[in-house]
Amino acid sequence: MDILKKLMNAMDYIEKNLYEEIDFATVSRIACVTQDSFTRFFSYMTGMMPKEYIRRRRLTLAAYELQTGEDKVIDIAVKCGYESADAFSRAFARQHGGTPSALRKSGGTLRVYPPVSFHIAIKGGEKMNCRVMNVPEIEVFGVSREWNCSAKDRFTSVHTMWSDELDFVPGEICDGFDGVWYGIWDAGKYSIARGEADVSGKNLEKRTIPAGLYAIFTTEKGGYAGDELPKLRDLIFNSWLPDSPYKQKQDFEVEVYHLCTDREERRKKRYYELWIPVE
């Protein structure tokens, strides 16, 4: 475990000096390995070279500053080590898919990289598709059940509500799967619901997704919800939230499922979102 502590000390050094010229001789000395060994180990474990990681971390923090601060783009560019606003904008657009000015003006999806930490498993350093936006109030209709578990542990329990072998089933809400579904966790109560135009069941419970500021994370297409959503939530709460300027507002989370009725199409095109209310 001593090597893990030394590696964490090296990553702490990088994080504390992120806006400075990183001396990798110092980094490797803190980790008690040669510089070449640190570079090889880091790139093997994270899939990127240390300098690329630093660039991505700086652009991640730059996006947070643009969202929450008032510094000029050129000032943020210089802080991140770019000689001009144009060079910074090009690098920013390659990572986040839009320019700094566009993000500040109208928001958008970010590709953020939380800080790497070395444990028995590696945390952080993984791309996350995230946008922070104000969501209007949404009324949905469905079925609910109380669960004696935490928000984190719900995925091992509430999957039974999606099973067609039990009473709490999507089939009570409508026929078919095409379109958007909501899984709503509200302090121990879990609901499966859809918009009013998409339901055909009777005696459905009305639920309201409150208006407000949400951090919205999106998975890639094709995965299974039982795998993708727990993994995404772990990344959010273990890596993104501690690193971001936001905090969770309440014990309330929204899963958004984009599904198809046709099973083959569903396997290829399905993807999921996790909405976290933040302040």
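Remember, predicted model here, so these are calculated numbers, not experimental data. Sequence positions, counted from 1, serve as the residue numbers for this chain.
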Who are the ring pair (Phe, Tyr, Trp, His ring centres under 6.0 Å) partners of [X], not counting sequence neighbours?
| X | result |
| --- | --- |
| Y82 | F88 |
| Y182 | none |
| F141 | none |
| F155 | none |

Next item on the list: May I ask you to check whether Y53 and F42 place their ring centres under 6.0 Å from each other?
Entry: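 Centroid distance F42-Y53: below 6.0 Å, so yes.
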Notebook entry, point to check: In the hydrophobic cluster built from side-chain contacts under 4.5 Å, what are the other members alongside M49?
Noted result: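 Under the 4.5 Å side-chain rule, M49 groups with nothing.
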Checklist line | Side-chain hydrophobic cluster, 4.5 Å single linkage: members besides Y271 | finding: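 Under the 4.5 Å side-chain rule, Y271 groups with nothing.
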Checklist line | R56 bridged to E52 by N-O distance under 4.0 Å | finding: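 Result for this pair is yes, salt bridge flagged.
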Note to self: Looking at every non-hydrogen atom in both residues, tell me the closest pair between I184 and V140 and how far apart they are.
What the structure shows: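 Nearest heavy atoms, I184 then V140: CD1-CG2, 3.8 Å.
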Note to self: If I compare all heavy atoms of A77 with all of S84, which pair ends up nearest, and what's the gap?
What the structure shows: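 Reported closest heavy-atom pair: CB-O, 4.1 Å.
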Can you tell me if [X] uses its side chain to pair, donor with acceptor, with the backbone of [Y] under 3.5 Å?
| X | Y | answer |
| --- | --- | --- |
| T219 | E228 | no |
| H96 | L59 | yes |
| R270 | G223 | yes |
| D198 | R194 | no |

If a pair satisfies salt bridge (Lys or Arg N to Asp or Glu O under 4.0 Å) and one of its residues is in [range], list it, with sequence neighbours excluded.
| range | value |
| --- | --- |
| residues 146-156 | R154-E253, R154-E255 |
| residues 73-101 | E65-K79 |
| residues 20-47 | none |

Item checked: Listed partners of K51 passing side-chain contact (heavy atoms from CB on, under 4.5 Å), at least two apart ->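 side-chain contact (heavy atoms from CB on, under 4.5 Å) check on K51 returns F24.
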Pair up each side-chain donor or acceptor in residues 205-218 with any protein partner under 3.5 Å, not counting sequence neighbours, and list the distances.
unit_1, atom_1, unit_2, atom_2, d
E205, OE1, S144, OG, 2.7
E205, OE2, K189, NZ, 2.6
K206, NZ, E139, OE2, 3.2
R207, NH1, S191, OG, 2.5
R207, NH2, D186, OD2, 3.3
Y214, OH, P210, O, 2.7

Next item on the list: Sequence neighbours left out, what passes side-chain hydrogen bond (donor to acceptor under 3.5 Å, both in side chains) with D178? Give chain and number order.
Entry: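 By the side-chain hydrogen bond (donor to acceptor under 3.5 Å, both in side chains) rule, D178 matches T261.
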